[in-house]
Amino acid sequence: MSHSEAVILGSGTSNGVPSLGYEYSESFLANPKNHRTRASLLLRGPKGNVLVDCAPEMRLQLLGAKVLDLEAVIITHTHADHIMGMDDLRSFYLRSRRPMKIYAGAEAQADIRRIFPYAFEEPAAGIEVPRFDLLDVPEEILEAGLVIKTMWVHHGPTPVVALRVNDFAYVTDVSEIPPPAWALLGRLDVLILDGVRIKPHPCHFHLERAIEIAQALGARQTYLTHLSHDYDHDQTNSELPNGIDLAFDGLTIAI
């Protein structure tokens, strides 16, 4: 393929939507865009695919997107909703016999080694395990024919990787964008931005704050992601300012 695109594999918050233990109206459930798997992004480049985060539903997300190979994975941070699909990277290793390149910060690398120790140990005969090649996050990641500019934002006390490819940017799980990152988020065509729920949250942008940040950054189009069941997709979209909409699973954007 000569063009590149970004696919929102998952647009949901850490519980997913619908969330366990809740009753929903038939009209809410009838809209496929109200069914949100955990937050994840696929970058399709001219020379392959890069996955951003490994949601618990990663296997289903990648099957749905017909992804047969990955060049690399970027882990924004190691909260459960962003890494608990990592064991399923095993399938790619079994096909390629190439350890999966995993770009992650120092704290995240330590967490991955602790949570998935078997990915770094020699297994017993006949046992197949994933293999991870942990790599630090450079200012630019060159994978799949893409130049992926990286930056750091704050998710409460947790550092989180945000990224930009051409005039597209992805900023999930964020409560503050520090000046170095802010400087890299100007003149965007499309911004994907955290907007977890209606009421304020200590570690995420809530709806009002996300709208303020989106308007300040001034992207031509902003999509809010990491969404809870506060949002009925069509109803909320009808109430949002021009140029701001809710993301949804499967949303595909040319980059």
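For this chain, numbers begin at 1 and follow the sequence in order.
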* Do you know which two heavy atoms are closest between Gly243 and Gln221, and how far apart they sit? -> O-NE2, 3.3 Å
* Taking the six-membered ring for Trp, are His155 and His77 parallel (under 30°), tilted (30 to 60°) or perpendicular (over 60°)? -> perpendicular
* Asked: With a 4.5 Å heavy-atom cut-off, do Asp189 and Phe168 have their side chains touching?
  -> no
* **Residue pair Val17, Tyr231: steps toward the side chain to side chain contact (heavy atoms under 4.5 Å, CB included) verdict** => CA-CA 10 Å; Val17 181; Tyr231 302 111; over 6 Å; no
* Asked: So, the side chain of Arg44 versus the backbone of Val7: is there a donor-acceptor pair under 3.5 Å, distance only?
  -> no
* **Distance-only side-chain donor-acceptor flag, Glu71 / Asn49, under 3.5 Å** => no
* Any side-chain donor near an acceptor of the partner, Asn31 and Asp232, under 3.5 Å -> no
* Would you say the side chains of Thr78 and Asp111 form a donor-acceptor pair under 3.5 Å? -> yes
* Donor-acceptor pair between Asp87 and Tyr118 side chains, under 3.5 angstrom -> yes
* **Rounded distance [0.5 Å steps], CZ in Arg131 versus OG in Ser96** => 12.5 Å
* For the residue pair His226 and His82, is the inter-centroid distance of their aromatic rings smaller than 6.0 Å? -> yes
* Least distance between heavy atoms, Trp152 atom then Ala181 atom -> O-CB, 3.6 Å
* Backbone N or O of His233 within a donor-acceptor pair of the Thr236 side chain at under 3.5 Å? -> no
* Can you check side chain to side chain contact (heavy atoms under 4.5 Å, CB included) on Thr76 and Tyr103, steps first, answer last? -> CA-CA 9 Å; Thr76 62; Tyr103 292 91; over 6 Å; no
* Say whether, by atom type as modelled, one donor and one acceptor occur between the side chain of Ser25 and the main chain of Phe28 under 3.5 angstrom. => yes
* For residues Ile213 and Leu193, determine if any side-chain heavy atom of one lies less than 4.5 Å from a side-chain heavy atom of the other. => yes
* Asked: Do other residues, nucleotides or ligands put more than 12 heavy atoms under 6.0 Å from the CD atom of Glu239?
  -> yes
* For residues Asn34 and His229, is any side-chain donor paired with an opposing acceptor at under 3.5 Å? -> no
* Asked: Around atom CD of Glu107, are there more than 12 heavy atoms of other residues, nucleotides or ligands at under 6.0 Å?
  -> no
* To do: Apply side chain to side chain contact (heavy atoms under 4.5 Å, CB included) to Asp53 and Ile74, showing your working.
  => CA-CA 6 Å; Asp53 289 331; Ile74 300 169; over 6 Å; no
* To do: Taking the six-membered ring of Phe120 (Phe, Tyr or Trp), confirm whether the NZ or CZ of Arg113 is under 6.0 Å from its centre and within 45° of its axis.
  => yes
* Asked: Taking side chain as C-beta onward, heavy atoms only, is Phe248 less than 4.5 Å from Arg36?
  -> no
* Structure fact -> Note: with side-chain heavy atoms under 4.5 Å as the link, the other cluster members for Val147 come out as Leu142
* Would Arg97 and Glu128 satisfy salt bridge (Lys or Arg N to Asp or Glu O under 4.0 Å), going step by step from the backbone distance to the final call? -> CA-CA 11 Å; Arg97 290 297 167 180; Glu128 300 286 5; 3.2 Å; yes
* hydrophobic_cluster_shared for Ile8 and Leu246, side chain cutoff 4.5 Å -> no
* Indicate whether the side chain of Asp194 and that of Thr172 have a donor and an acceptor atom separated by less than 3.5 Å. => no
* Can Asp249 and Gln61 be counted as having a side-chain donor-acceptor contact under 3.5 angstrom? -> no
* To do: Compare every heavy atom of Cys203 with every heavy atom of Pro157, then report the nearest pair and how far apart it is.
  => CD-SG, 4.4 Å
* Determine whether Trp182 and Met151 fall in the same hydrophobic cluster, where Ile, Leu, Val, Met, Phe, Trp and Tyr are linked whenever their side-chain heavy atoms lie under 4.5 Å apart. => yes
* To do: Grab the two heavy atoms, one from Val153 and one from Pro178, that are nearest each other, plus how far apart they are.
  => CA-CD, 3.8 Å
* Asked: Does the pair Glu57 and Arg38 meet the rule for a salt bridge (Lys or Arg N to Asp or Glu O under 4.0 Å), with working shown?
  -> CA-CA 7 Å; Glu57 302 93 341; Arg38 266 61 74 94; 2.6 Å; yes
* Do His79 and Ile83 come within less than 4.5 Å of each other through their side chains, counting heavy atoms only? -> no
* Asked: How many angstroms lie between NE2 in His154 and CG in Asp173, if you round to the nearest 0.5 Å?
  -> 14.0 Å
* Asked: Which class fits the ring pair Tyr24 and Tyr22: parallel under 30°, tilted 30 to 60°, perpendicular over 60°?
  -> tilted
* To the nearest 0.5 Å, how far apart are CD1 in Ile192 and CG in Leu224? -> 9.0 Å
* Asked: Nearest 0.5 Å, what's the CG-CG distance between Leu251 and Asp245?
  -> 9.5 Å
* Are Phe205 and Ile244 co-members of a hydrophobic cluster defined by side-chain heavy atoms under 4.5 Å apart? -> yes
* Within 6.0 Å of CZ in Arg197, more than 12 heavy atoms from elsewhere -> yes
* To do: Could you verify whether a donor N or O on one side chain and an acceptor N or O on the other, from Glu140 and Thr150, lie under 3.5 Å apart?
  => no
* **Partner of Leu51 under side chain to side chain contact (heavy atoms under 4.5 Å, CB included), chosen from Leu43, Leu62, Ile102** => Leu62
* Give the intermediate values and the outcome of side chain to side chain contact (heavy atoms under 4.5 Å, CB included) for residues Arg220 and Leu188. => CA-CA 6 Å; Arg220 183 182 58 79; Leu188 290 168; over 6 Å; no
* Would you mind reporting whether Ser4 and Val165 have side-chain heavy atoms less than 4.5 Å apart? => no
* Asked: Counting only N and O atoms by type, is there a donor-acceptor contact under 3.5 Å from the side chain of Arg95 to the main-chain atoms of Arg90?
  -> no
* Is Ile75 reachable from Val161 through a run of hydrophobic residues whose side-chain heavy atoms are each under 4.5 Å from the next? -> no
* Asked: So which residues get pulled into Leu94's cluster when ILVMFWY side chains under 4.5 Å apart are joined, directly or through others?
  -> Tyr93
* May I ask you to decide if Ile255's main-chain N or O and Asn166's side chain share a donor-acceptor pair within less than 3.5 Å? => yes
* Asked: Should Leu70 and Phe132 be counted in the same cluster of Ile, Leu, Val, Met, Phe, Trp and Tyr side chains packed under 4.5 Å apart?
  -> yes
* Ile112 and Met86, any side-chain heavy atoms less than 4.5 Å apart -> yes
* Structure fact -> Correct closest heavy-atom pair for Ala162 and Val171 would be CB-CG2, 4.0 Å
* First locate atom CD1 of Ile148, then atom CD of Glu139, and finally report the distance between them rounded to the nearest 0.5 Å. => 14.5 Å
* Got more than 12 heavy atoms from elsewhere within 6.0 Å of NZ, Lys101? -> yes
* **Distance, nearest 0.5 Å, that separates CG of Leu191 from CZ of Arg164** => 10.0 Å
* To do: Check for a donor-acceptor pair, side chain of Ser228 on one end and backbone N or O of Val196 on the other, with a separation under 3.5 Å.
  => yes
* Structure fact -> Here the pair of heavy atoms bringing His204 nearest to Ser175 is N-CB, 3.9 Å
